[in-house]
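To keep things clear, I will list the structure first and then write my remarks on it.
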Amino acid sequence: MSDSFDVIVIGAGPGGYVCAIRAAQLGMKVACVEKRATLGGTCLNVGCIPSKALLQSSEHFEEAKHKLADHGVNVTGVSFDLARMQARKAEVVGANTKGVEFLFKKNKVTWLKGAGRIVNPTTVEVAGQSYTTKNIVIATGSESIPLKGIEVDEARIVTSTGALELAKVPEHLVVIGGGVIGLELGSVWGRLGAKVTVIEYLDRITPGMDNELSKAFERVLTKQGFTFKLKSKVTAAVADATGVDVTIEPAAGGDAEKIRADVVLLAIGRRPHVEGLGLAELGVALDERGRVKTDAHYATNVPGIYAIGDAIAGAMLAHKAEDEGVALAEQLAGQKPHINYNAIPSVVYTWPELASVGETEEQLKARGQAYKVGKFPFTANGRARAMGDMDGFVKILADAKTDAVLGAHIMGPDAGTLIAEIAMAIEFGASAEDVARTCHAHPTLSEAVKEAALAVDGRALHI
């Protein structure tokens with residue numbers, strides 16, 4: 001095997017493997033470094049894909065137990081087989097990771113197995129062997145942020161990795177952090193019978209999302225059985241043979257309380273994983289949060305070294321990393337790609353789902369933007385009523401003068417799919433009127449998006 005390449009990508013997660021494939025499609029000789037036994041990074045192995053598999057399985061159980069009777073489908077003695085759920089999850093993960101391996105072979109991307117270290121701007125060392133390259137791409141992803149004084153053992157005190165591998169449903173699951181990861185995995189185990197308590201330092205869950213959406217989401221999850229302790233902090237979590245003693249205090253200070261949990265999930269966020277790359281020795285600049293500093297073209301301060309995805313600033317989303325991987329590969333091929341970061345959606349895969357794209361009301365107010373709001377509830381959508389999934393609404397924000405769509409926020413069935421229409425609208429500079437004038441099939445959930453767009457101008461038809 002030749003040890004010289006046009007591009008060496010370090011990390012085979014969504015950003016890295018997509019960057020490698022696109023560069024190969026464009027005629028470059030490409031290698032991708034990955035130390036896991038399988039490709040796909042955190043997302044495919046211990047993140048997005050396995051969590052969605054368990055979410056889907058637990059949704060089916062929840063539906064059979066509580067919803068099918070409403071449809072005249074009578075099921076008695078409903079139970080679940082956790083071992084089979086976990087086995088199915090592993091099958092889904094295996095199929096996806098093998099799929100990436102197939103794509104590497106199809107596109108002639110060389111997989112360099114082992115941990116990568118950058119020796120200099122043209123040399124990467126993997127498993128004791130050196131490889132030369134014209135360009136190096138850091139796509140090493142992220143890891144769970146630790147909390148001082150709390151020791152993760154991935155058995156009693158777990159990160160998302162351990163929470164995906166539990167062999168028994170905990171009687172009481174305490175989730176530290178009210179963000180996406182904690183609420184998704186809390187939903188999995190809550191549906192299967194766990195009592196779920198979420199402890200969040202801020203005064204709201206899903207920070208960063210539109211506040212109205214977050215408040216509505218909290219109400220729905222509370223109805224589903226979640227307990228929320230907002231404006232609270234965990235000061236200690238001590239595990240023993242049977243569970244964990246968790247100490248909680250008000251975020252502003254005050255008397256502490258203790259609660260007993262079977263399992264504690266630490267989910268306060270993620271941080272870039274760049275240790276062991278040799279960046280300090282090379283003088284590659286990092287920012288105050290440990291992210292690799294890059295310019296608008298993903299270049300670091302060291303010529304020939306680039307970075308994308310969770311390793312750099314911006315939302316830690318697999319699809320954001322993928323788009324950056326494609327853009328960087330095309331840039332290295334001499335093209336002039338562009339990413340509209342305002343058109344990158346984010347989704348919470350609970351049920352109902354949450355999805356957002358563009359700006360929130362809070363962001364618009366902060367920058368003094370005049371805007372209009374159009375909202376439409378799923379209770380008034382025929383398809384949602386036929387499905388029996390009527391929680392939530394569509395909310396569209398548009399420029400008060402030009403009517404340009406500035407953002408959209410959806411809580412409801414299949415919100416993650418519905419948000420794509422508004423992402424497209426923002427990408428092409430569409431107005432709320434453009435969305436409203438587009439014919440939407442009936443009866444579909446997407447009609448709620450059309451109605452919200454009509455509501456921007458005060459003329460929704462079905463409410």
Side-chain angles (χ1 to χ4, degrees), residues 13-15 36 38-63 80-97 99-100 141-145 152 154-155 157-170 173-194 196 198 205-206 209 217 221 224 226 263-270 273 309-310 315-322 345-356 413-417 419:
R36 288 181 189 270
T38 51
L39 300 170
T42 295
C43 178
L44 269 66
N45 287 276
V46 292
C48 316
I49 299 303
S51 65
K52 303 314 165 282
L54 285 183
L55 279 161
Q56 192 67 53
S57 295
S58 63
E59 275 178 28
H60 286 320
F61 174 68
E62 176 79 7
E63 185 177 25
F80 64 88
D81 181 346
L82 182 56
R84 179 62 201 132
M85 285 184 179
Q86 292 286 21
R88 178 185 177 276
K89 178 202 71 182
E91 292 162 8
V92 171
V93 169
N96 278 275
T97 57
V100 177
S142 59
E143 61 187 3
S144 181
I145 295 176
V152 172
E154 297 296 9
I157 302 176
V158 301
T159 63
S160 56
T161 300
L164 288 166
E165 296 297 330
L166 298 179
K168 178 183 175 184
V169 178
L173 172 66
V174 168
V175 179
I176 305 175
V180 177
I181 294 171
L183 298 178
E184 287 186 352
L185 291 173
S187 290
V188 168
W189 298 111
R191 291 168 186 157
L192 300 181
V196 180
V198 178
I205 61 171
T206 57
M209 281 197 156
F217 189 40
L221 291 181
Q224 290 179 9
F226 277 65
V263 174
V264 171
L265 167 57
L266 179 60
I268 59 172
R270 297 182 66 83
H273 177 62
D310 286 6
M316 288 185 168
L317 297 168
H319 43 286
K320 176 254 196 189
E322 289 187 22
S346 60
V347 183
V348 185
Y349 294 91
T350 48
W351 198 262
E353 291 182 349
L354 258 69
S356 292
D414 248 358
T417 301
I419 202 69

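Values below: all heavy atoms of this structure, side chains included; hydrogens, waters and symmetry mates excluded. Fair warning: this is a prediction, and the values are worked out from it, not measured in the lab.
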Between [atom1] on residue [X] and [atom2] on residue [Y], distance to nearest 0.5 Å:
X: Ser144; Y: Arg270; atom1: OG; atom2: CZ; value: 6.5 Å
X: Leu173; Y: Leu166; atom1: CG; atom2: CG; value: 8.0 Å
X: Cys48; Y: Leu317; atom1: SG; atom2: CG; value: 8.5 Å
X: Leu265; Y: Thr159; atom1: CG; atom2: OG1; value: 7.5 Å

[X] and [Y]: which non-hydrogen atoms are nearest, and at how many Å?
X: Val152; Y: Leu266; result: CG2-CD2, 4.0 Å
X: Ala355; Y: Ile419; result: CB-CB, 3.7 Å
X: Gly186; Y: Val196; result: O-CG2, 3.5 Å
X: Leu82; Y: Leu192; result: CD1-CD1, 4.3 Å
X: Ile181; Y: Ser160; result: CG2-CB, 3.8 Å
X: Pro170; Y: Ala194; result: O-CB, 3.0 Å

Quiz prompt | Which residues share a ring pair (Phe, Tyr, Trp, His ring centres under 6.0 Å) with Tyr349, sequence neighbours left out | solution =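 Tyr349 satisfies ring pair (Phe, Tyr, Trp, His ring centres under 6.0 Å) with no residue once adjacent residues are dropped.
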Quiz item: Asn45 and Thr38: side-chain donor and acceptor closer than 3.5 Å?
Solution: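 Yes, because at least one side-chain N or O of Asn45 sits under 3.5 Å from a partner of the opposite role on Thr38.
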Apply side-chain hydrogen bond (donor to acceptor under 3.5 Å, both in side chains) to [X] and list each qualifying residue two or more places apart in sequence or on a separate chain.
X: Ser51; answer: none
X: Thr350; answer: none
X: Gln86; answer: Lys89
X: Thr161; answer: none

4.5 Å side-chain heavy-atom contact, [X] and [Y]:
X: Met85; Y: Val188; value: no
X: Val169; Y: Phe80; value: yes
X: Arg191; Y: Ser187; value: yes
X: Leu164; Y: Leu54; value: yes
X: Val175; Y: Phe226; value: no
X: Thr97; Y: Arg36; value: no
X: Leu221; Y: Val198; value: no
X: Leu183; Y: Phe217; value: yes

Quiz prompt | Pairing residues for Ser356 by the side-chain contact (heavy atoms from CB on, under 4.5 Å) criterion, not counting sequence neighbours | solution =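 For Ser356 the side-chain contact (heavy atoms from CB on, under 4.5 Å) partners, ignoring immediate neighbours, are Met209, Leu213, Ser346, His409.
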Quiz item: Residues in side-chain contact (heavy atoms from CB on, under 4.5 Å) with Thr417, at least two apart?
Solution: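 Per chain and number, Thr417 pairs via side-chain contact (heavy atoms from CB on, under 4.5 Å) with Asp414.
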Quiz item: What pairs with Glu353 under salt bridge (charged side-chain N to carboxylate O under 4.0 Å, His left out), at least two apart in sequence or on another chain?
Solution: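 Scan of Glu353 (salt bridge (charged side-chain N to carboxylate O under 4.0 Å, His left out), adjacent residues dropped) gives none.
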Quiz prompt | With sequence neighbours excluded, residues passing salt bridge (charged side-chain N to carboxylate O under 4.0 Å, His left out) with Glu154 | solution =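 With sequence neighbours excluded, Glu154 shows a salt bridge (charged side-chain N to carboxylate O under 4.0 Å, His left out) to no residue whatsoever.
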Practice problem: For Gln224 and Trp351, indicate whether the former's side chain and the latter's backbone hold a donor-acceptor pair under 3.5 Å. | Solution: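 Such a contact is found between Gln224 side chain and Trp351 backbone.
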Quiz item: Which pairs pass salt bridge (Lys or Arg N to Asp or Glu O under 4.0 Å) with one or both residues in residues 41-57, sequence neighbours excluded?
Solution: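 Those involving residues 41-57 are Lys52-Glu184.
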